[in-house]
2 protein chains.
Amino acid sequence: MGVSKTDLYTEKQNSIAILSKALGHPARIAIIEYLLKVNTCICGDIVNELPLAQPTVSQHLKELKNAGLIKGSIDGTSICYCIDEDGFNKLKIFFTALDTDLEIKKNKCC
Amino acid sequence: MGVSKTDLYTEKQNSIAILSKALGHPARIAIIEYLLKVNTCICGDIVNELPLAQPTVSQHLKELKNAGLIKGSIDGTSICYCIDEDGFNKLKIFFTALDTDLEIKKNKCC
DNA sequence: TTTATATATTGCAATATTACGATTAAAAGA
DNA sequence: TCTTTTAATCGTAATATTGCAATATATAAA
């Protein structure tokens, strides 16, 4: 099928999955790392940075934006992109709780 | 194409992307959450827990195992699964560094 | 107004993912 | 040995993703 039954899971499960999925491509990790380094940049900067064509970069930016991991604001003919803390905070909360759980339980395995 | 050019990115970028991608489906988040709750379980337990058929669950388990997020060991006719800390530690390191970066720079946006 | 610049959108081909029925494999018990 | 139990694998259909050329859009500059 290729389609996931999102209505069968909790809102939190879907939310974490959407955020994780957006980070599930090396180009998008590269974009995030670049944005962390330069704080803000325009699409063209990323096109110069990555070995991908402009439409492909634009598509990756769209996915990161839809997931809530980056923000973009119009600045003349270009668009200024930066990290969106909201998305990363949600992930941080999830992984922190997960990590606490693992430490308490000392990760009992089989 | 549908294929990502993994050789064009750093090992770290690919590694984080693979781990994130594995978490990019609500069923797999549900499996992780369930494993955190019960520590260890067999495939059949997850089949009872999730609204998915046994082959589908088996496939999701395989992906989580390949990514290094869970471990499985043979126990008679069944297989005992548990969290693999190694994968989650890699993610933790990435997100912790990212978070430190954001706090230092106070996330300067456009 | 025309032209240049920057980015988004469209359309398409190649490939990957998701889901499940049917089947297989492997160990345990009768 | 035969049967049951448990989980993996195979095959397949439906859908999603990735990447790019071509095109569209929108603002700025000349």
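So you know, we letter chains A, B, ... as the sequences are listed, proteins then strands, and number each from 1.
Here the C1' atom of nucleotide D:dT6 and the CG atom of B:D45 are 11 Å apart, to the nearest Å. Atom CD1 of B:I79 is separated from atom C1' of D:dA7 by 6 Å (rounded to the nearest Å). If you measure from atom CD1 of A:I42 to atom C1' of D:dA26, you get 15 Å, rounded to the nearest angstrom.
Cys pair A:C110/B:C80: SG-SG separation is below 2.5 Å.
Under a 3.5 Å cut-off, the side chain of A:R28 and the backbone N or O of A:A22 do form a donor-acceptor pair. A donor-acceptor pair under 3.5 Å is formed between the side chain of A:T100 and the backbone N or O of A:T96. When atom types are taken as modelled, the side chain of B:S58 and the backbone of B:Q54 share no donor-acceptor pair closer than 3.5 angstrom.
For A:L52, counting side-chain heavy atoms from C-beta on, the closest listed nucleotide (D:dG19, C:dA19, C:dA8) is D:dG19. Closest approach to the B:T77 side chain among D:dT9, C:dA27, C:dT7 is made by C:dA27 (side chain taken as heavy atoms from C-beta onward). Among the nucleotides D:dA7, D:dA22, C:dT17, the one closest to any side-chain atom of B:K21 is C:dT17.
Near DNA chain D, meaning a heavy atom under 4.0 Å from it, residues 58-76 of chain B has B:S58, B:K62 in order of number.
On a pure distance criterion of 3.5 Å, no polar donor-acceptor pair joins the side chain of A:Q54 and the base of C:dA6.
Counting non-hydrogen atoms under 4.0 angstrom, B:T56 reaches a base of the nucleic acid.
The shortest distance between the side-chain N/O atoms of B:Y81 and the OP1/OP2 oxygens of D:dT6 is not below 4.0 Å.
Taking the ring pair (Phe, Tyr, Trp, His ring centres under 6.0 Å) definition, one finds that A:F95 meets it with B:F95, sequence neighbours left out.
A salt bridge does not link A:E63 to A:K21: none of the charged nitrogens lies less than 4.0 Å from a carboxylate oxygen.
Mapping A:S78 and B:A27 onto DNA chain C by nearest heavy atom places A:S78 closer to the 5' end of the strand.
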